[in-house]
Protein chains: 2
Amino acid sequence: MNPTIQDVARLANVSIATVSRVLNDQPGYSEKTKQKVLKTIEELGYQPNAIARGLVNRKTSTIGVLFPSVSGLLSAEILHGIEAKAHEHGNSVIVCNTAENREKTIKYLQVLQEKRVDGLIFVSEAVTDEYYEIFSRMDIPVVLVSTESYHHPLPYVKVDDRHAAYAATRHLIEEGHTNIGMMAGDPDDLIAGWPRIEGYRLAMREAGLSLDDSLIEPCESFQYKDGKSGFTSLMNRHSELTAIFAASDELAIGAISAAYNKSIHIPDDVSIVGYDNLLLAEMSVPPLTTIAQPFQRMGSRAVQMMVDLINGEDAESAILPHELVIRDSVKRR
Amino acid sequence: MNPTIQDVARLANVSIATVSRVLNDQPGYSEKTKQKVLKTIEELGYQPNAIARGLVNRKTSTIGVLFPSVSGLLSAEILHGIEAKAHEHGNSVIVCNTAENREKTIKYLQVLQEKRVDGLIFVSEAVTDEYYEIFSRMDIPVVLVSTESYHHPLPYVKVDDRHAAYAATRHLIEEGHTNIGMMAGDPDDLIAGWPRIEGYRLAMREAGLSLDDSLIEPCESFQYKDGKSGFTSLMNRHSELTAIFAASDELAIGAISAAYNKSIHIPDDVSIVGYDNLLLAEMSVPPLTTIAQPFQRMGSRAVQMMVDLINGEDAESAILPHELVIRDSVKRR
DNA sequence: TTGTAAGCGTTATCAT
DNA sequence: ATGATAACGCTTACAA
């Protein structure tokens, strides 16, 4: 059995109130008793029971994090940032993998509420009205990461997708390309899909290049396999392309892989710039030029906002800076 | 404020004991009162307070998981398996990233003990005497994943590294290779380093091939960057090599990348087989032939053991089957 | 079938 | 400077 505050009090010949005081260093005891208490705490190896504390303080010092996928490379990096910052602030993190599934998500939210987490971080997923309803009833702070909600006033931290996509396309243009296609996500995805397409279009228009819709390959998801098929289908339609902006690193790597199979050489035949700067962007052959999202910082920033919110301060949404990371998948024309 | 069991009792005109009974469906009430209670629970949107429950039940239904790195591709997949299975059993998961750092680890263990987690899953890291000491004092079940302890009687789930490495090397031999090198981890790492080297040696000896130690490149870690440098150094020493067994996929991908830079063609000039079967093994160019570790299953299996242990049953360590996944990085000679 | 009351291990408000 | 003691929201004997 774990020793309790009672045990400490008894052994130190003081009341539990006194022990509690030195534990939370509040005023109200002599230096002598403090030492006495500290010593017996040490002797007993006493560890305060956070559950009991949570019950009276109405504060668990743990936050719930909901991801669409835990094994996704992207989630893993965000989680890393969240976990580190959270522990820095004395908070623990409970992870929940929603698999983008409504029932699962609702179930998890229920569990998290029962566990009385102090806040929620919601990652890379759209906030439905139903979710928002639940958030409201839970009455705890919610911070969005890598997503935002137009319908609901939830603070978020993300990059400016439109701007970042513009920068990616712009880089291709500056390297002398004029036949530039795009492998995009779902155009109906207002968070990660549409803005990147818009960014691409903006750069193309500005440079006086073609805005033909068929230059844009809408992929089912941002995953590798869609990159493979998307590249093939896009190149079949537009064999004149010398460059492609892929809306995710996985799509880009998929494209590289498909290109390899068709003996299309990257970057000599076609240049590619990705989006995300996952760990694997660096490991790709050739190493991938890409737009870096500062995932870890996004995670830790979200936690910082969370902590502020929990402390009753208010937090402003944050647009974090993206960055063009130049490697070897783009060749000057 | 969240409604409490008191509120429900009051509104339903019963005692809190009765509410508690229907909540935990224990016997002792009429169907009529049950309905009445259920209805007011519904009306109030009452959710039991898991913290209060935890206090009296001495059970939090949450387990702590310690990883050396959260963003590592490998950890992410194991975590995925853990998370899914844990929630299946009504348990939550608190993630802790030790960064292989002693102080951090100890700090986390303390936090987890204060939070009174029901058990600990310890992933991919060596159990020091100090850690074991703490485990013992915590007096909760501990399960090891992808590691084991020779000094301490802790149940584990992993693959048979020696056997798996043998299978990898054997595959190369069967494909007609005779000049086979290895990119290994730290030979002093008794868990993941040494056994894979032994597996390689076993296959080489059995086939009557050279056991020259210089055929083995000891890498600092299992990471990508070490793969790059390791490949170069190994090939400088043994340019006659036609095949390499890399003790991790990251090492293998690093090797492929280094090879590309030196215009050594994979698999035409040298064949490579990896180890792990991470998501990126499939995305590699060329796709990587590798030994698959069933990471998700390892995670869920560990949780299953954990649950058994918590229920007072005992659990046996498990060696899960590895599998050779043939892709395109090996060429027949 | 139902209710009362004693914990669970803390914190915090009173007294002293 | 210290100590009783009442919460916190629940479970579980023990009574009725």
Side-chain angles (χ1 to χ4, degrees), chain A residues 1-38 40-41 44-62 90 110-111 113-118 138-139, chain B residues 1-38 40-41 44-62 90 110-111 113-118 138-139:
Chain A
M1 247 343 271
N2 282 310
T4 74
I5 200 174
Q6 293 274 7
D7 300 325
V8 177
R10 192 160 28 234
L11 218 81
N13 277 313
V14 295
S15 71
I16 60 172
T18 299
V19 178
S20 177
R21 286 188 188 101
V22 347
L23 237 36
N24 305 292
D25 45 29
Q26 281 168 342
Y29 46 82
S30 68
E31 182 61 21
K32 211 180 82 191
T33 46
K34 174 176 174 180
Q35 293 310 329
K36 190 170 49 175
V37 169
L38 253 23
T40 69
I41 283 179
L44 257 43
Y46 165 76
Q47 317 250 155
N49 182 329
I51 299 301
R53 279 187 161 167
L55 187 56
V56 22
N57 290 335
R58 299 155 167 295
K59 187 157 174 322
T60 52
S61 294
T62 108
Q110 191 193 131
V111 170
Q113 173 162 29
E114 293 189 355
K115 295 236 162 111
R116 297 299 191 263
V117 295
D118 295 337
M138 287 178 75
D139 196 36
Chain B
M1 246 343 273
N2 281 310
T4 75
I5 200 174
Q6 294 273 6
D7 301 324
V8 177
R10 191 159 29 234
L11 219 81
N13 278 313
V14 294
S15 72
I16 60 172
T18 299
V19 178
S20 177
R21 285 188 190 103
V22 346
L23 237 36
N24 306 293
D25 45 30
Q26 281 170 340
Y29 46 81
S30 68
E31 181 61 20
K32 211 179 81 193
T33 46
K34 174 175 175 182
Q35 293 310 329
K36 191 169 49 176
V37 169
L38 253 23
T40 72
I41 284 180
L44 258 45
Y46 166 76
Q47 317 249 155
N49 182 329
I51 300 301
R53 277 187 164 168
L55 188 56
V56 22
N57 291 335
R58 297 152 169 296
K59 185 157 175 321
T60 53
S61 293
T62 108
Q110 191 193 130
V111 170
Q113 173 162 29
E114 293 189 355
K115 293 236 162 113
R116 298 299 192 265
V117 295
D118 296 336
M138 287 178 76
D139 196 35

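Reminder, nothing fancy here: chain letters follow the sequence lines and each chain counts from 1. Since the model is a prediction, treat every value here as computed from it, not as a measurement.
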Trainee: Please report the distance, rounded to the nearest Å, between CG in B:D7 and P in D:dC8.
Mentor: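 Computing the B:D7:CG to D:dC8:P distance gives 11 Å.
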
Trainee: Restricting to pairs with a member in residues 5-31 of chain B, which pass salt bridge (Lys or Arg N to Asp or Glu O under 4.0 Å), not counting sequence neighbours?
Mentor: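 Qualifying pairs: B:D7-B:R10.
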
Trainee: Taking for each residue the nucleotide of DNA chain D bearing the nearest heavy atom, is the 5' side occupied by A:T33 or by B:N57?
Mentor: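 The 5'-side residue here is A:T33.
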
Trainee: Contact class for A:I16 vs. all strands (heavy atom < 4.0 Å): base, sugar-phosphate, or nothing?
Mentor: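 Base contact - A:I16 has a heavy atom under 4.0 Å of at least one base atom.
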
Trainee: Output the rounded distance in Å from CZ (A:R53) to P (D:dG9).
Mentor: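 Rounded to the whole Å, the gap is 19 Å.
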
Trainee: Which residues pass the side-chain hydrogen bond (donor to acceptor under 3.5 Å, both in side chains) test with B:E114, sequence neighbours left out?
Mentor: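 Counting only residues at least two positions away or on another chain, B:E114 forms no side-chain hydrogen bond (donor to acceptor under 3.5 Å, both in side chains).
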
Trainee: Quick one: closest heavy-atom pair of B:K115 and B:T60, and the distance?
Mentor: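 So the two residues come closest at O-CG2, 3.6 Å.
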
Trainee: Hey, what do you get for CG (B:L38) to OG1 (B:T33), rounding to the nearest 0.5 Å?
Mentor: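 Here the interatomic distance stands at 10.0 Å.
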
Trainee: Give me the bend of the helix from C:dT1-D:dA16 to C:dT16-D:dA1, using the axes of the five pairs at each end, rounded to 10°.
Mentor: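 About 50°, once rounded to a multiple of 10°.
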
Trainee: Just how far, in rounded Å, is P of D:dG9 from CD of A:E114?
Mentor: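 Going from A:E114 (CD) to D:dG9 (P), I get 15 Å.
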
Trainee: Examine D:dG3: is either OP1 or OP2 under 4.0 Å from a nitrogen or oxygen in the side chain of A:S15? Give yes or no.
Mentor: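 Yes, because at least one side-chain N or O of A:S15 sits under 4.0 Å from OP1 or OP2 of D:dG3.
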
Trainee: To the nearest Å, how far apart are A:K59 NZ and D:dG9 P?
Mentor: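 The answer, rounded to whole Å, is 17 Å.
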
Trainee: Think A:T18 has a side-chain N or O under 4.0 angstrom from the OP1 or OP2 of D:dA1?
Mentor: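 Answer no for this pair, as no side-chain N or O of A:T18 is under 4.0 Å from OP1 or OP2.
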
Trainee: Is there a side-chain contact between B:M1 and A:R58 (heavy atoms, below 4.5 Å)?
Mentor: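 They are in contact (side-chain heavy atoms under 4.5 Å apart), so the answer is yes.
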
Trainee: Please list residues of residues 20-32 of chain B whose heavy atoms come under 4.0 Å from any atom in DNA chain D, ordered by number; otherwise none.
Mentor: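 By residue number: B:S20, B:R21, B:N24, B:Q26.
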
Trainee: Is A:N2 touching bases, backbone alone, or none of the nucleic acid, heavy atoms closer than 4.0 Å?
Mentor: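 No contact.
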
Trainee: For the side chain of A:A17, starting at C-beta, report the closest nucleotide among D:dT11, D:dG9, D:dA4.
Mentor: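 The nucleotide sitting nearest to the side chain is D:dA4.
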
Trainee: Which atom names give the shortest non-hydrogen contact between B:V14 and B:V37, and what distance separates them?
Mentor: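 That closest heavy-atom pairing would be CG2-CG2, 4.1 Å.
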
Trainee: Roughly, in whole Å, what's the span from CD in B:Q47 to C1' in D:dG9?
Mentor: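 Taking CD of B:Q47 and C1' of D:dG9, I get 14 Å after rounding.
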
Trainee: Specify the closest pair of heavy atoms between B:G90 and B:S61, including all atoms of both residues, with the distance to one decimal.
Mentor: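 Closest approach of B:G90 to B:S61, heavy atoms only: O-CB, 3.6 Å.
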
Trainee: Nucleotide range of DNA chain C contacted by chain B, 5' to 3', under 4.0 Å to a heavy atom?
Mentor: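 On DNA chain C, the outermost contacted nucleotides are C:dT1 to C:dG9.
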
Trainee: Nearest whole Å is fine: how far is D:dA7 C1' from B:I51 CD1?
Mentor: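 To the nearest whole Å, that distance equals 17 Å.
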
Trainee: To check you understand the geometry: which heavy-atom pair defines the closest contact between B:Y29 and B:T18, and what is its length?
Mentor: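 Scanning both residues completely, I find the closest heavy atoms to be CB-CG2, 4.4 Å.
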
Trainee: Starting from the 5' end of DNA chain C, give me the residue, B:K34 or A:N49, whose nearest nucleotide shows up first.
Mentor: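 So the residue in question is B:K34.
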
Trainee: Can you measure from CG (B:D139) to CD (B:Q113) and round to the nearest 0.5 angstrom?
Mentor: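 One finds 9.5 Å between CG of B:D139 and CD of B:Q113.
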
Trainee: Which side-chain N or O atoms in residues 44-55 of chain B pair as donor and acceptor under 3.5 Å with protein atoms at least two apart or in another chain?
Mentor:
unit_1	atom_1	unit_2	atom_2	d
B:N49	OD1	B:I51	N	2.7
B:N49	OD1	B:A52	N	3.1
B:R53	NH2	B:N24	OD1	3.4

Trainee: Do A:R116 and B:N2 have side chains that get closer than 4.5 Å, going by heavy atoms?
Mentor: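 The answer is yes, as the side chains (C-beta and beyond) meet within the 4.5 Å cut-off.
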
Trainee: Which atom pair, heavy atoms only, marks the closest approach of B:V8 to B:I41?
Mentor: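 That would be CG1-CG1, 3.7 Å.
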
